[in-house]
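First comes the structure, then the notes that go with it.
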Amino acid sequence: MQRPYTIALVGNPNSGKSSLFNALTGLNQRVGNFPGVTVDKKTGVSKISETLSAHVIDLPGTYSLYPKSADEQVTYEVLLNQKSADRPDLVVVIADAANLKRNLLFCSQIKDLKLPVVIVLTMMDIARQKGINIDTAELARMMGVPVITVNPRRNKGIGALKTAINNVQQTKQAILPDFIDLQAITGEWLDEIKPLCELDSNYAALHVACNYSELKHINAAQRIRIAALLGESNFQKSKVQAEEIIHRYKKIAAIMQQCVTMDNPTQKLIMSDRLDKVLLHPVYGNAVLLVVLFLLFQSIFLLARYPMDWVEQAFVLVGNGLNSILPQGIFKDLLVNGLLAGISGIAVFVPQIMILFGLITILEDSGYMARISFLTDRIMRSAGLNGRSVMPLISGMACAVPAIMAARTIQNKKERLITIMVTPLMSCSARLPVYTILIALVIPDQKIIGIFNLQGLVLMGLYLLGFFMSLVVARVMNFLIKTKERTFFLMELPVYRQPRWKNVGITMIQKGKIFIKDVGKVILVLSIILWALAAFGPPAQMKAVEEKYAALAQQHPEQKTQIDHEHATAKLENSFAGIMGHAIEPVIRPLGYDWKIGIALITSFAAREVFVGTMATLYSVGDAEAGTQTLHEKMKEAKRDDGTPVYTLAAGLSLLIFYVFAMQCMSTLAIVKRETRSWKYPIIQFVYMFGIAYLSALLIYQVLK
């Protein structure tokens, strides 16, 4: 099969690379992993011309070809390894026009790998606001490659970019001389490394010389020969790298002088600078941050209310319809009380998940998310971390798995480990369905001071509780883990931009599809298993229950409705699921939980959101009138043996606190093992989180009951 034409998008962080990837591929994209590592691999297909459809890879952002993190290492390996399956036929280098000098360093390095290159200038509007004018034609002449200006947020310049790509593909861009004379820096040994490692550029040979012991595509024999060559040449890696960068910047300075002019030598104070005076202020900035978070969680409840109601009522109608047309039997029971109940219990929360991801994308796209890292750097340092840890923690509000993977950008090993260990304390989207159903059960839907929704305030409180507990645990771990390595927090703040609404929409749709697809598999399997466990039990016990209630039905025909309800409850209690729940009830009773909640705690270890699907299945199997009520109504009417409600304020808050802190996610433990390459850390993580969850839930229940 012929290999598809492959285009790699590379560039500095915050240069507009992801926006360009979305503009080129739209919804025709998917996320996987690069071979052998856990780094996200975003790929898509773009129609370049009538005759050319290209495979587009969005490589992780990096400032240069000297990687400092696992993400940057992936970009490095893909570009350097000529035998890589992901080796691009053409590289699109995205450069921020407002910071052109620094971006041209990376462009010149890519060009020297002898790969066909197209340079894309983004942020041209910001450059103009700063009084920067760029002669793109002269820049293209001096760099020797096409230069296109693009605004991916507004789809401007995409057609010109596709034309340039098509022209390069058809004409096979000529191999240009090195940007700088590398052999003047290194000596003749580059000519020996090139054929030894089958390389086609001096610059690739230089990088092999610098990193041959770490590059995966260099074999043992090649390493031995390279080491001997470098030993004979008295090679000094740091000296050569420093000289290379100095030579590049000298030539870039000449290019800048020829191609770039400024209206005013002193940079203009643009709107972003004015906003930062307020939004990065130690007092006003933190006040604005709290308001932003408050509005975020209020919006999750307010915006999702109607679509959630529509989804829930739709499933009730479907359940009622199936109840009325299907004949009584095991198939109907499985379909209505097993599959439909389990799926409906989770589908109703898809609007909230999509809204959460949409709002987070808006914060990222607008440039404000980077300011959150800056603002929280001081509080992070008090816990032994730095502002770079904030991004994984904030990402943990969506899902702990990619958030833990995002910690690879943290260079300090101790800070990276602590960030990985505390990230699951952040309330992820999987907890949202649990929070929503329990808050609706035990917290009144009322206004505070006439404008603030109490349920939204409680939701915000749960998220903040997880964040502050993560700081406490990080502080303890910082004290326990000793190291002399120090790091500094350096981050380029992007300019404030209007969010790209198409990008927000694509993200919401993608995350909704992934949520349904990934969670749907788990829910489907668990729903069938749970239904079977709840519908069947030890034959002797189930037979005794049937005989008892058959006799009661004959003796008291006028009480048929009540007897049917008690019969269904007794069957559930004597089923295999009921036996499991009763087995752990002594352990969870002090927390205010009954045996049904016990079953949900066990099953939700697969994924936290399974709690809701489990409760939906259990209450449907245990309720003869299951199809006529929503899950919220069933749980609200649930009673203990003594007739008291199951979901009191004390029990509900206890359960909420338990889910804030507990490690109820197999996927997270698996990714922690993969990232740390040890089972020690996920075991420690599970134990400490369960301990905090159990003791906190116990305290809350015992105080409030």
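Values below: all heavy atoms of this structure, side chains included; hydrogens, waters and symmetry mates excluded.
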From the options Leu104, Ile119, Val260, select the one residue that forms a side-chain contact (heavy atoms from CB on, under 4.5 Å) with Leu139.
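Option passing the side-chain contact (heavy atoms from CB on, under 4.5 Å) with Leu139: Leu104.
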Enter the distance from [X]:[atom1] to [Y]:[atom2] here, rounded to the nearest 0.5 Å.
{"X": "Leu206", "Y": "Leu113", "atom1": "CG", "atom2": "CG", "answer": "10.0 Å"}
{"X": "Asn202", "Y": "Ile180", "atom1": "CG", "atom2": "CD1", "answer": "10.5 Å"}
{"X": "Asp58", "Y": "Ile7", "atom1": "CG", "atom2": "CD1", "answer": "12.5 Å"}
{"X": "Asp89", "Y": "Ile165", "atom1": "CG", "atom2": "CD1", "answer": "11.5 Å"}
{"X": "Asn166", "Y": "Thr51", "atom1": "CG", "atom2": "OG1", "answer": "5.5 Å"}
{"X": "Ile94", "Y": "Cys107", "atom1": "CD1", "atom2": "SG", "answer": "9.0 Å"}

Shortest non-hydrogen contact from [X] to [Y]?
{"X": "Arg431", "Y": "Met426", "value": "NH1-O, 2.7 Å"}
{"X": "Tyr284", "Y": "Val278", "value": "CB-O, 3.7 Å"}
{"X": "Pro146", "Y": "Val168", "value": "CG-CG2, 4.1 Å"}
{"X": "Ile48", "Y": "Ala54", "value": "CG1-CB, 3.8 Å"}
{"X": "Ala97", "Y": "Ile132", "value": "O-CG2, 4.4 Å"}

Within the distance-only criterion (no hydrogens, no angle test), does the side chain of [X] pair as donor or acceptor with the backbone N or O of [Y] below 3.5 angstrom?
{"X": "Ser46", "Y": "Leu24", "value": "yes"}
{"X": "Lys111", "Y": "Phe179", "value": "no"}
{"X": "Lys162", "Y": "Ser49", "value": "no"}
{"X": "Arg87", "Y": "Leu79", "value": "yes"}
{"X": "Thr6", "Y": "Pro4", "value": "yes"}
{"X": "Arg248", "Y": "Phe106", "value": "no"}
{"X": "His247", "Y": "Glu243", "value": "yes"}

Does the side chain of [X] reach to within under 4.5 Å of the side chain of [Y], using non-hydrogen atoms?
{"X": "Ile148", "Y": "Val92", "answer": "no"}
{"X": "Thr419", "Y": "Thr423", "answer": "yes"}
{"X": "Met124", "Y": "Asn151", "answer": "no"}
{"X": "Asp96", "Y": "Asn12", "answer": "no"}
{"X": "Tyr368", "Y": "Ile362", "answer": "no"}
{"X": "Leu20", "Y": "Thr122", "answer": "no"}
{"X": "Arg371", "Y": "Asp276", "answer": "yes"}
{"X": "Met256", "Y": "Leu100", "answer": "yes"}

In terms of side-chain geometry, is the basic nitrogen of Asp125 or Lys156 positioned less than 4.0 Å from the acidic oxygen of its partner?
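A salt bridge is absent here (no side-chain N lies under 4.0 Å from a carboxylate O).
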Contacts of type salt bridge (Lys or Arg N to Asp or Glu O under 4.0 Å), residue Asp178, not counting sequence neighbours
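Applying salt bridge (Lys or Arg N to Asp or Glu O under 4.0 Å) to Asp178 gives Lys114.
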Can Val150 and Ile158 be said to form a side-chain contact (heavy atoms from CB on, under 4.5 Å), step by step?
CA-CA 6 Å; Val150 170; Ile158 303 298; 3.8 Å; yes
Under the ring pair (Phe, Tyr, Trp, His ring centres under 6.0 Å) rule, collect the residues that match up with His207, sequence neighbours excluded.
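Partners of His207 under the ring pair (Phe, Tyr, Trp, His ring centres under 6.0 Å) test: Tyr66, Tyr76, Tyr203.
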Mind checking what makes side chain to side chain donor-acceptor pair (under 3.5 Å) contact with Asn103, not counting sequence neighbours?
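Listed in chain order: nothing, the list is empty.
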Can you tell me if Lys251 has over 12 outside heavy atoms packed within less than 6.0 Å of its NZ?
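Check passes, neighbour count above 12.
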Kindly indicate, with the supporting measurements, whether the criterion side-chain contact (heavy atoms from CB on, under 4.5 Å) is fulfilled by Asn286 and Leu290.
CA-CA 6 Å; Asn286 284 299; Leu290 288 176; 5.8 Å; no
